[in-house]
There are 2 protein chains.
Amino acid sequence: MKTQRAKPSESAVAVTGTATASSMTSYGPTALPVSGGVMEEIFATHGVAMRARRRQRLVMGAKRSDVIYLLKSGLLVLSANGSGDRRQLLTILYPGDVFSMALVPPLDGIGLVAMTDCELSRMRPSALDDSPKELREFDALLGERTAELHARSILHIARLASLSSESRVAAFILELALRTGQVVNDTVTCDLPLSRSDIADYLSLNADTLSRIMTRLKSRGAVATVGRSRAIVKSVKRLSKEVPICAATLALHGRAEGAG
Amino acid sequence: MKTQRAKPSESAVAVTGTATASSMTSYGPTALPVSGGVMEEIFATHGVAMRARRRQRLVMGAKRSDVIYLLKSGLLVLSANGSGDRRQLLTILYPGDVFSMALVPPLDGIGLVAMTDCELSRMRPSALDDSPKELREFDALLGERTAELHARSILHIARLASLSSESRVAAFILELALRTGQVVNDTVTCDLPLSRSDIADYLSLNADTLSRIMTRLKSRGAVATVGRSRAIVKSVKRLSKEVPICAATLALHGRAEGAG
DNA sequence: TGTGGACCTTGACGCGCATCAACAACCCGG
DNA sequence: CCGGGTTGTTGATGCGCGTCAAGGTCCACA
């Protein structure tokens, strides 16, 4: 096991909520970062608020337990140990996403890692046993959000399988920008909470190669960077035209789903 | 658009069920190919039976409609048009899987294609509006199966991202064997309903490369073939040891989930 | 404001896989 | 039993990306 680069220092502190929950202010449904309120309200009522710091790994209770998490703000990543000492990032979770261990295969070292400081809420569905109406709503909404997660995973498969490395990187930045960025006309600016190696692990690339590709994209004028952790997509339209799959990215991650 | 090989002749016949449903015998829950009955019973009661022939493409109603399909027997594949003229296979559906367009991103040419003759059942959840108890069960079960599909997609991402081509092929054959094959001691025999190019499109490989890899696997004694469309895994244990991720494959696709 | 360590960039080089091309095996209907 | 179309196999070749190595840059913290 020889790693030429130092491993990212990912604090493995358990964040089981009980410890930090008391330090959280509770959220009224109007203060929620995402629209669609019903699910968030259920979590606010029956769940336990918790918080995770950047680089912290969430210990998601016991295996296969029925605890469900709602991400209220921040960015989470599903991580696992690939072959050798390579880590891989399998999914990115955005605010509003609902997640549980049932959604995940039993891979070695699998779990959620916070890419930014996060606020989330933890709940077990059995908490709804005494209010059947809420339980019904919850099941239906959970199904919808799980379906959306699935669609995103499929899209990621499509990207990995059919896109050139350069297009993959472009598509990734576009997705992140659409999700978390500020839109001004056709330009989007966003933070890059993932380091270069994180991005590489997510896109199934080498960190060195990723760096080269970023340089290429910048010199071509497709994207620009401010410091290390901020990216600017110069023209969403142009990028969408260049990258074949971007239409789907726009549909899944664009501003069409807020419905508000 | 120059394809050196002839395109696979995939008949684009619409199988919307109404046409073929009358020719189907209805299935009692005891005759079902998979265990777990409740979901299958709901489909048997409220759904429409339908059938697809090998290579047929299922036209899944209108976009985003709420029709849900249950695969009763056979093998389905989620297919889309990748960049260029390359087709890509994104997921494999096995008997017992429940599927709808909500699970899928809006990719070009996306849809289900039958790899073998299939029996399925089609239903819209609104059919359950008048029996709330069934609707509750349905939502809960649907959530479970969707979660399993998601876990499988994540596993596929992990395979694509972290496995060498050879391991990918081995893992694929193992999965198929575990799902559809006959087990004798440590040996499993199964049909290969996917052609070489199908497998290549699923594993993000070139058909030529796949052929070479198969030759290598055979000469190494890991697998054997009978004719073109039948494979034998010599030793599941050995293969599992060789291929890093196979533990998860065994857990998700092995004989642990029947619970009967 | 300086210093150490993490993070990023860039070059040289080799390997693995895609591509192209030709051929062999198989399948099906006659 | 034969012929044509489909599918699978194999060789030669080139390119993209991973790997290794050597700086350069940024940031946290004192």
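Labels below follow one simple rule: chain letters A, B, ... track the order of the sequence lines, proteins then strands, and each chain is numbered from 1.
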* Can a donor-acceptor pair be found between the side chains of B:T189 and B:Q182 at a distance below 3.5 Å? ->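 No, no side-chain donor-acceptor pair sits under 3.5 Å.
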* Asked: In terms of side-chain heavy atoms, does B:D198 have a donor or acceptor partner in B:S195 at a distance below 3.5 Å?
  ->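 Their side chains do contain a donor-acceptor pair, which is all the 3.5 Å distance test asks for.
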Judged by atom type as modelled, is there a donor-acceptor pair below 3.5 Å linking the side chain of [X] to the main-chain atoms of [Y]?
X	Y	answer
A:T209	A:L205	no
A:D186	A:S235	no
A:R51	A:E119	no
B:T180	B:L176	yes

* Asked: If we fit an axis to the first five pairs and another to the last five of the helix from C:dT1-D:dA30 to C:dG30-D:dC1, what angle do they make, to the nearest 10°?
  ->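 The end-segment axes of the helix from C:dT1-D:dA30 to C:dG30-D:dC1 are tilted 50° relative to each other.
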* Side-chain heavy-atom pair B:L71, B:C118 within 4.5 angstrom cut-off ->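 The answer is yes, as the side chains (C-beta and beyond) meet within the 4.5 Å cut-off.
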* Under a 4.5 Å cut-off applied to non-hydrogen side-chain atoms, are B:L120 and B:K72 in contact? ->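 Side chain of B:L120 against side chain of B:K72, heavy atoms only: no contact under 4.5 Å found.
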* Asked: Quick one: is C:dA6 close enough that its OP1 or OP2 comes under 4.0 Å of any side-chain N or O from A:S195?
  ->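 No, no such contact exists.
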* To do: Respond yes when some side-chain nitrogen or oxygen of A:K218 is under 4.0 Å from OP1 or OP2 of C:dC8, and no when none is.
  =>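 Looking at the OP1 and OP2 atoms of C:dC8, neither is under 4.0 Å from any side-chain N or O of A:K218.
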Whole angstrom value for the distance that separates [atom2] of [N] from [atom1] of [X]:
X	N	atom1	atom2	result
A:R53	D:dA28	CZ	P	15 Å
B:L210	D:dT7	CG	P	15 Å
A:M214	D:dC17	CE	P	16 Å
A:L217	C:dT9	CG	P	12 Å
A:R54	C:dA6	CZ	P	14 Å
B:D201	D:dT7	CG	C1'	14 Å

Anything under 3.5 Å between a protein N or O and an N or O of nucleotides 11-14 of chain D, put it in a table, one pair a line.
residue : atom : partner : partner atom : Å
D:dG11  : N7   : B:R212  : NH1          : 2.8
D:dG11  : O6   : B:R212  : NH2          : 3.3

Using a cutoff of under 3.5 Å, can you pull out all pairs of nitrogen or oxygen atoms linking the protein to nucleotides 25-29 of chain C, with atom names and distances?
residue : atom : partner : partner atom : Å
C:dA25  : N3   : B:R228  : NH2          : 3.3

* Take atom NZ of A:K234 as the centre, draw a 6.0 Å sphere, and report whether it contains more than 12 heavy atoms from other residues, nucleotides or ligands. =>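 No, not enclosed.
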* To do: Any chance you could lay out the side-chain contact (heavy atoms from CB on, under 4.5 Å) test for B:I245 and A:L107, step after step, and finish with the verdict?
  => CA-CA 7 Å; B:I245 287 182; A:L107 289 169; 3.7 Å; yes
* So which pairs with a foot in residues 236-250 of chain B pass side chain to side chain donor-acceptor pair (under 3.5 Å), sequence neighbours left out? ->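 Every side chain to side chain donor-acceptor pair (under 3.5 Å) pair that includes a residue of residues 236-250 of chain B, provided the two are not neighbours, is B:R220-B:E242.
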* **Check ion pair B:D191-B:R230 (N to O, under 4.0 angstrom)** =>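 So B:D191 pairs with B:R230 through a salt bridge.
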Between the protein and nucleotides 13-17 of chain C, list the N/O to N/O atom pairs that are separated by less than 3.5 angstrom.
residue : atom : partner : partner atom : Å
C:dC17  : OP1  : B:S165  : OG           : 2.6
C:dC17  : O5'  : B:S165  : OG           : 3.2

* Touch check for A:S211, heavy atoms < 4.0 angstrom, all strands: base, sugar-phosphate only, or nothing? ->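 Contact class for A:S211: base.
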* Asked: Which pairs count as ring pair (Phe, Tyr, Trp, His ring centres under 6.0 Å) when at least one residue sits in residues 178-203 of chain A, sequence neighbours excluded?
  ->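 Sorted result for residues 178-203 of chain A: A:H156-A:Y202, A:F172-A:Y202.
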